[in-house]
Amino acid sequence: MRRFSLSSDLTKLFRSWRRRRHGGQQTAVDMSSQEGTGSPDKEPAQLLNFPFSSVDDDASTPPLQITFADVGFRIRGRATDILSGLHGSCEAGSILGVMGPSGSGKSSFVNLLSGRNEAITGEFYLNGYRMRSAELRSLIGFVPQDDLVLPELTVRENLLHSARVMLGGQLGDPALGEYVDSLIVALGLARVQDQMVGSVARRGLSGGECKRVSIGLELAAAPKVLILDEPTSGLDATAALSLMQLLREVSRCGIMVICVIHQPRAEIFALLDNLMLLNLGKQVYFGPAAEAQTYFEALGYGFSSFSNPADTIMDILPSHAWADTTPSLSAAKEAKSCTPVADTYNNTALDEAGDAPLQVPDILRSLQQRRASWSRQVWLCFRRGTVQQTRQTASFCLEIISASVIGVTIGLTIYEFHGHMFQGIYHPPFELLSSAVNYRMVAEQGLLACLAIACAAGPPGVKLLGEEKLIFRREQQTGHSRSAYFLGKNLSVLLRMFLASLHYTTFYMILSTPTISFGLQLAISFLYFYCMYGLGCIVAAITHREDGPLVCMLSCLVISALGGCAPRLALVKTWNLGWFWYMWPGTWLSEAFYNENTAPFAYLYQLDDASRFTGYKNGRTGFDIGLLLLIGTLYRVIAYPLFVAVGWR
Ligand SMILES: Nc1ncnc2c1ncn2[C@@H]1O[C@H](COP(=O)(O)OP(=O)(O)OP(=O)(O)O)[C@@H](O)[C@H]1O
């Protein structure tokens, strides 16, 4: 029994690519020799040295086919359907264009097909197996309209990360490097491969180059299906044509390409194999693009030989009185490319020999096996996060400077006391010799430290994951592990937090000369940074990007104020609210700080009396430090499901 195996496909495909490459042959495809579409004048395909070209070499492998029948979609709470009665079928190796007037439901359709939205009616089939659209997701690379690419990485680094995560389970780094190199050449990005992608604020690549990187991110995962939402938007006519020619090349490598396209010029229209036309959420044509003109001529419309047929079709769509009786289906049937499959398929399908079932679960499993292991993904995300940190020089310096400034400022507040912040009652029999007690100053210093670190750590904490929410939402839909990303990203920032707390502690210790040891002060400062970053993660998960820093700053300040200084923890305990104060990290930092700054005076003063007044317990600094670590970790444990439920949706 022959099994459909993507992994063997992939291996064959790479071997074949290497053969050609090392044999010095160019894999430029002669576009004029391809059937079905008119050939463009240029030969952009010559830039392709694409590693997928051999996917169809193995004639015994059945081509992938996605079929959908009677698919409909409606937004909850809306009375009317956004899409209804869509039927069609797409095969590997072909390119399907989805066209229609604005608001006709093109994006909604590709979102359904790629599993981003769930259809309310209809069925999806993969090689005859009924599947939920969400289950198809692992086969599909989806290129959104907006170019969601990490700006601090170079073109090559972006593509390599995607390839390592999605194919690292089966290919080693040298093979992945070769593959990415070939992609870069195929995408025409060789000139800018070591350039940072950049953003609106920090100019990097051009719009067209960015779009190619965005497509490359999906191709790097070697998808079986590539879906693109308006890949040519924002590009000039030449760039748009070149991009579509590239996509056609990609389709000829055995990948199913489906793209939403707006007002294509004649040359682009000629590149499409199949065409789906939508109007007001209904399918009005599904069939070979080359036959669309004939179809509309049969409906009584004339096409001038001087005009672009795509323009004429787009003019006809909204003006024609389409019958309610789903002309879409009859149109598709006439075009002989849509068979309502619901009746003809069940959950088994025969291979070409007709005797062995194709195991779609096997296909999905082998796709899963291509991916790097979870621990490897953690490492890759950690490494990528670290590279990002090193490139965010301005914000890194700002964080270090602000940590230093707060260290200097708070240190100066007690500079004149030369570290003498605590005065208690002498041990018996010398109580009567005691002068005024000073139990508050250490607690006030603890409060100041909490507030200052909250200011320095809150905003960067919320930025850590908040800035990349959209980018990671895209990656997770491609198949990147959410938990690996979350963990890797949090680990990558530990060094940065350490450096910030080191600067804070150094300046503070130099100016205040407190009795607490440098190591302990550094430990509690670092852990408070850790807690505030954790809180930032929670805020980032539930707020919009633009609101995050302010909300985080406010939350950090409020939480830091609950440190037991004012109102005194002892007083709070008389209200039976001690448990509430103990929930926040400020109380544990203040207690540790209090303990370590008063303990050296234990030989002189009655510390129990101070403890009764303040409410802080003596002699449990280790426990306080453990609680800080626990709370910071707990914040992240809370943040992760919030990202899954809200932040990355
Ligand atoms: N999440 C949503 N909430 C409310 N309405 C929606 C949502 N998604 C789609 N729609 C509505 O569904 C219709 C189709 O939208 P869609 O974005 O699919 O159209 P389109 O053909 O891609 O349009 P365009 O070419 O302008 O991008 C529109 O009227 C839109 O307002």
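Both counts, for ligands and for their atoms, begin at 1 and track the order of listing. What you see below is based on every heavy atom in this structure, not just the backbone, and it leaves out hydrogens, waters and symmetry mates.
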>> For atom 17 (O) of ligand 1, what's the nearest protein heavy-atom neighbour? Residue, atom name and distance, please.
In response: Ser107 CB, 3.7 Å

>> When you compare ligand 1 with Gly105, is there at least one nitrogen or oxygen pair between them that comes in under 3.5 angstrom?
In response: yes

> What is the closest protein heavy atom to atom 4 (C) of ligand 1, and at what distance does it sit?
Replying inline: Ile75 CG1, 4.1 Å

> Measuring from Arg474:CZ to Ser162:OG, what's the distance to the nearest 0.5 Å?
Replying inline: 8.0 Å

>> Measuring from atom 21 (O) of ligand 1, which candidate in Arg76, Glu230, Lys106, Arg74 has the nearest non-hydrogen atom?
In response: Lys106

>> Over 60° means perpendicular and under 30° means parallel, so tell me whether Trp648 and Tyr485 are parallel, tilted or perpendicular.
In response: perpendicular

> Does ligand 1 have an atom that lies less than 4.0 angstrom from a heavy atom of Pro101?
Replying inline: yes

> Is there a donor in the side chain of Thr154 and an acceptor in the side chain of Arg156, or the other way round, less than 3.5 Å apart?
Replying inline: no

>> Among all the protein's non-hydrogen atoms, which is closest to atom 10 (N) of ligand 1, and how far away is it?
In response: Ile82 CD1, 3.5 Å

> Just which atoms of ligand 1 are under 4.0 Å from any heavy atom in Ser102?
Replying inline: 23 (O), 24 (P), 25 (O), 26 (O)

> Taking both backbone and side-chain atoms of His262, is any N or O found less than 3.5 Å from an N or O belonging to ligand 1?
Replying inline: yes

>> Quick test: of every protein heavy atom, which one is nearest to atom 5 (N) of ligand 1, and how far off is it to 0.1 Å?
In response: Arg78 NH1, 3.4 Å

> What do you reckon, does Gly103 have a nitrogen or oxygen under 3.5 Å from a nitrogen or oxygen of ligand 1?
Replying inline: yes

> Out of Val260, Leu247, Ile261, which residue meets the side-chain contact (heavy atoms from CB on, under 4.5 Å) rule with Leu228?
Replying inline: Leu247

> How about Phe68 and Tyr125: are their ring centroids closer than 6.0 Å?
Replying inline: no

> Is there a side-chain contact between Leu139 and Pro223, using heavy atoms and a 4.5 Å cut-off?
Replying inline: no

> Honestly, is Arg636 close enough over Phe486, meaning NZ or CZ under 6.0 Å from the six-membered ring centre and within 45° of the axis?
Replying inline: no

>> Tell me if the NZ atom of Lys469 is crowded by more than 12 foreign heavy atoms within 6.0 Å.
In response: yes

> So which heavy atom in the protein is nearest atom 16 (P) of ligand 1, and how far is it from that ligand atom?
Replying inline: Ser108 OG, 3.7 Å

